[in-house]
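This report concerns only the one structure given below.
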Amino acid sequence: MDIIIDQPIDYSKVCIGTSITIFAALLVLSRLGQKLKQLVVFCWACFIKPLFGKVKQNKNGEQQQLLESFYQNQAHIYDNTREFLLKGRKECLKLAIAHLSKDKGKVWVDIGGGTGKNIEYMSEIYDLSKFEKIYLIDLSPSLCEIARKRFENKKIYNNVEVIVADAADFKIDYSKIDLITFSYSLSMIPTFHSTIDNAVDLLKKNGIIACVDFGIQSSDTSMGRINTLGGLVNRNLPWILRNFWRIWFEADKVFLDSSRRNYLEYKFGTIKSLNEFNYYLGKIPYYIWIGCDKSKSTKLLHRINCLATESPYLAPSEETQLEEYSTSLPISKGHEAALSNFAKKLPFPSIYYQQQIWRVYYDEICAKYNQFDNQYIYAFTWEDPREDHKILKFNENETVLAITSAGDNILDYACLESAPKKIHAVDLNPAQNHLLELKLAAFKSLHKDQIWNLFGNGKIDNFKNLLIEKLSPHMSSQAFQFWFDKGNATFNPNGNGLYDTGSTRWALRVAKYLFKFFGVSSSIEKLCNCNSMLEQLKLWNDKIKPTLFNPFVATLMVGNPIFLWKALGVPVNQAAMMGDSVLKYVIDTFDPIIKRSLISNDNYFYYLTLMGKYSKKNCPNYLSETGFQRLTSVNKNGESPIDNIRIHTDTLNDVFARLNKKSITIAIIMDHMDWFDPNGNDAHDEIVAIKSCLATNGRVMLRSAAQFPWYIKTFEKLGFKCKPAAIRHKGESIDRTNMYASTWVCTKVMDDPEHSNTANPSTRRRMSSLRI
Ligand SMILES: C[S@@+](CC[C@H](N)C(=O)[O-])C[C@H]1O[C@@H](n2cnc3c(N)ncnc32)[C@H](O)[C@@H]1O
Ligand SMILES: *[C@@H]1O[C@H](CO)[C@@H](O)[C@H](O)[C@H]1NC(C)=O
Ligand SMILES: *[C@@H]1O[C@H](CO)[C@@H](O)[C@H](O)[C@H]1NC(C)=O
């Protein structure tokens with residue numbers, strides 16, 4: 001619980017500040033001439049009147065009287081003045097509807113519904129006749145009167161009933177409700193504990209509760225329950241801001257204290273949460289929150305754990321005690337967190353209330369996840385999955401673990417006719433996984449053309465609306481916050497699109513500037529539209545190559561470690577493995593690409609870097625017609641290929657440590673071992689960790705900037721048989737990116753001495769004290 005400051009405010013001090021702000025606000029807003037009168041009434045009622053006379057504490061606690069004195073003489077202008085002040089109301093309703101079950105005969109209660117504006121908004125976004133009944137509950141008779149007039153004799157509102165009653169104890173004809181909404185009312189209800197308890201009793205098991213309101217939060221008020229909150233973007237407000245607005249609003253009997261939202265977050269499971277600012281009168285913090293019944297079945301918890309750890313799922317009966325089946329199997333970090341929350345009577349981590357179970361729990365405040373500045377590095381994946389399949393020949397019995405990157409290759413594997421039965425996508429950077437989640441959600445909810453616009457063109461109209469109305473139910477709250485924050489700018493049709501984001505954008509930008517600087521932009525354009533190899537080679541040799549490979553570019557750009565790291569994501573250790581000359585390496589990379597195949601239709605990697613987008617005949621498989629058909633196909637159990645994907649936010653080692661022994665048959669770890677220090681233990685430790693969860697004869701595929709990477713020896717020492725699948729020689733290409741000097745497959749031929757599969761002893765001890 002937070003401390004609510006209950007002392008009377010020194011209004012004389014607030015008064016001066018208030019007057020200045022009002023004056024400024026008036027000045028700015030008076031441009032809207034005809035609105036001035038409304039504004040004056042609004043300011044009088046909200047800011048001036050409370051300072052005189054009416055602030056006396058009402059002795060008998062009659063809240064209704066107080067409300068009336070506040071609303072009586074502004075009820076008629078209420079809707080116009082609140083249009084901008086009460087932001088996010090429509091978004092909140094849209095979000096609630098997106099998460100609401102599609103059943104017929106639903107009942108909706110809008111608590112503190114005031115003039116009924118919310119119900120009018122709803123009629124614009126949803127067919128009200130899909131509700132069997134809609135109730136508006138409000139304690140202010142004069143606002144309810146406006147609401148009644150609004151609904152009177154209108155057919156679309158014939159299922160709406162307005163009730164003047166207290167939110168804590170209103171009576172309606174239904175004992176269970178599908179949708180409960182609070183729109184800027186919770187902050188005005190003094191008995192918010194009983195109001196929320198009342199909502200808990202009323203909400204159906206699969207019902208949705210939604211709240212949009214002003215409110216302030218700090219990290220201190222969220223401590224100890226971070227994983228229940230559904231993401232921390234914009235949540236912690238600076239001291240000045242939060243106290244200024246709290247005190248300011250208190251004069252109007254609007255309470256921004258954290259305790260109200262905290263209590264909601266305690267009594268319900270959090271499905272989505274957003275922290276936003278309203279810039280109408282300054283930077284006023286508000287939030288949108290969607291929640292649900294917080295109890296979850298033992299079965300579901302157990303199933304999620306098994307999916308994340310690849311342990312066999314043995315359906316428990318509802319009476320089974322958790323420790324009976326958990327002790328013999330690996331426990332995911334999420335499961336540990338869920339049990340710990342359960343013991344403290346907290347709701348489960350927000351991830352447990354999501355519709356999709358792709359995303360595996362991760363502990364957001366861990367420093368290792370926060371080193372990326374809430375941004376991804378790779379907006380596209382720079383490895384050729386066609387070669388992966390040629391080398392590994394995936395079949396449907398395979399369980400694959402691969403690095404997420406931008407998720408392109410994960411989706412490519414899922415598109416295959418013989419797609420692996422399970423795919424674990426791993427990335428330490430949460431934002432890379434947010435990008436994959438966005439792609440998965442798109443395949444669950446969007447049309448082919450929309451998917452193409454998003455990931456083929458990288459641009460789409462009105463991203464925010466799509467996100468709220470279509471994509472949100474298929475995303476974790478964390479991914480939702482990320483894309484709510486950044487998506488509009490990323491996919492802005494007038495901007496540069498998705499592929500101009502992440503650190504990889506620098507590769508695209510620098511290439512573009514260089515081409516411009518050297519006057520070859522039109523040749524590049526032609527290169528991307530060539531119809532024959534002859535034409536392509538001629539363009540390259542006559543126009544483009546002389547530009548790219550001159551000494552100036554070589555020293556300034558390609559030979560520069562800062563550029564290599566910033567633009568290409570090549571760290572120093574890896575650059576060292578490239579051999580004596582980076583320029584030579586680069587020539588060996590590009591020259592053979594031009595000879596390999598047409599950039600215009602068989603090399604979506606270079607096409608993208610040169611054009612900033614894909615074309616329909618030159619794109620990853622998952623964006624093709626067949627890819628779309630595959631990924632959206634549904635089997636007899638109602639599952640699509642993308643439902644076999646698990647997204648882990650963690651280091652590879654931490655993921656390996658929590659996986660069932662011998663459960664993975666293929667691990668594709670890209671070039672990431674190049675990043676290790678040859679004199680350190682990292683490579684050794686990781687190979688040991690991979691080995692323990694790799695099946696006998698399981699394979700590790702890796703790429704390297706060296707033809708013979710030093711850590712191959714380590715693999716061999718630890719019981720692997722290693723074979724190069726491809727080694728790049730001068731003038732040759734080994735795949736369509738040709739960025740790496742070699743591709744290796746290391747097969748586990750020697751098993752470790754048998755270990756039992758038990759969870760580690762400390763976990764077991766902790767678990768046995770919990771019952772669920
Ligand atoms: C800022 S208004 C919001 C009205 C409306 N939901 C909207 O979004 O326009 C807050 C509303 O909460 C209502 N309210 C305050 N305390 C209440 C209580 N104890 N029970 C029911 N309604 C209450 C007020 O009457 C007022 O209509
Ligand atoms: C996959 O496993 C099933 C059952 O063990 C087996 O019948 C089938 O042949 C396997 N498929 C491949 C491609 O190995
Ligand atoms: C999204 O971006 C576009 C273009 O920059 C802008 O016009 C629009 O207002 C933005 N929408 C939202 C909801 O932020």
Side-chain angles (χ1 to χ4, degrees), residues 354 356-360 362 369 372 374-386 388-389 394 400-416 419-420 422-446 450-458 460 467 471 474-476 478-480 482-483 486-487 490-491 497-499 501-505 569 604-605 608 613-614 619-624 627-628 630-632 640-650 652 655 666-672 701 737:
Q354 306 302 326
Q356 306 295 347
I357 45 180
W358 299 318
R359 191 80 182 243
V360 174
Y362 67 102
Y369 309 128
F372 305 99
N374 198 27
Q375 186 54 271
Y376 47 79
I377 296 171
Y378 305 97
F380 49 88
T381 304
W382 196 252
E383 294 208 5
D384 190 349
R386 191 199 278 170
D388 297 0
H389 185 44
F394 295 98
V400 173
L401 181 147
I403 292 176
T404 309
S405 182
D408 300 340
N409 289 6
I410 303 292
L411 287 168
D412 196 281
Y413 308 148
C415 274
L416 292 168
K422 284 290 204 57
I423 305 175
H424 292 269
V426 183
D427 214 298
L428 183 58
N429 182 346
Q432 296 292 160
N433 288 330
H434 296 332
L435 180 55
L436 175 54
E437 251 197 85
L438 180 70
K439 290 178 179 174
L440 296 184
F443 279 100
K444 280 284 179 198
S445 59
L446 301 185
Q450 291 170 315
I451 294 179
W452 175 258
N453 284 337
L454 279 170
F455 307 114
N457 272 335
I460 201 162
L467 179 70
L471 297 161
H474 305 285
M475 289 177 136
S476 66
Q478 285 80 357
F480 176 69
F482 179 87
W483 289 110
K486 304 193 191 261
T490 301
F491 296 102
L498 171 67
Y499 298 106
T501 60
S503 307
T504 46
R505 74 179 181 279
Y604 67 78
F605 304 95
L608 178 76
K613 60 183 182 186
Y614 294 117
C619 61
N621 277 340
Y622 78 93
L623 291 175
S624 70
F628 178 80
R630 279 283 305 156
L631 294 181
T632 53
S640 311
I642 55 176
D643 292 323
N644 299 324
I645 297 174
R646 296 286 156 270
I647 309 177
H648 302 257
T649 308
D650 225 328
L652 281 171
V655 174
I666 294 178
I668 301 170
I669 59 171
M670 298 191 156
D671 62 332
H672 108 107
M701 192 179 95
T737 73

Answer whether the closest heavy-atom distance between the side chains of [X] and [Y] falls below 4.5 Å.
X      : Y      : value
Phe443 : Ser640 : no
Ile642 : Trp358 : yes
Ile423 : Asn644 : no
Phe455 : Tyr622 : yes
Gln478 : Asn433 : no
Leu438 : Phe491 : yes
Lys444 : Met475 : no
Tyr413 : Asp388 : yes

Between [X] (side chain) and [Y] (backbone), is there a donor-acceptor pair under 3.5 Å?
X      : Y      : value
Arg505 : Gly502 : yes
Glu437 : Arg359 : no
Asp427 : Ser405 : yes
Gln432 : Ile377 : yes
Asn409 : Asp384 : no
Thr490 : Leu498 : no

message = Restricting to non-hydrogen atoms, name the atom on Ala414 and the atom on Ala419 that form the minimum distance, rounded to 0.1 Å.
response = O-CB, 3.6 Å
task = Check the surroundings of atom NZ in Lys613: do more than 12 heavy atoms from other residues, nucleotides or ligands lie under 6.0 Å from it?
result = no
key: For Phe605, all residues meeting ring pair (Phe, Tyr, Trp, His ring centres under 6.0 Å), sequence neighbours excluded   = Trp382
inquiry  = Using the ring pair (Phe, Tyr, Trp, His ring centres under 6.0 Å) criterion, which residues pair with Tyr499? Sequence neighbours excluded.
reply    = Tyr614
Asp408/Lys439 salt bridge by N-O under 4.0 Å criterion = yes
remark   = With sequence neighbours left out, the residues meeting salt bridge (Lys or Arg N to Asp or Glu O under 4.0 Å) with Lys486 are none
request  = Starting at CZ of Arg646, measure out to NZ of Lys422 and round the result to the nearest 0.5 Å.
outcome  = 6.0 Å
note = Separation between CD1 (Ile403) and CD1 (Ile669), nearest 0.5 Å, reads 6.5 Å
key: Partner of Tyr376 by side-chain hydrogen bond (donor to acceptor under 3.5 Å, both in side chains), out of Thr404, Asn429, Thr501, Thr504   = Thr501
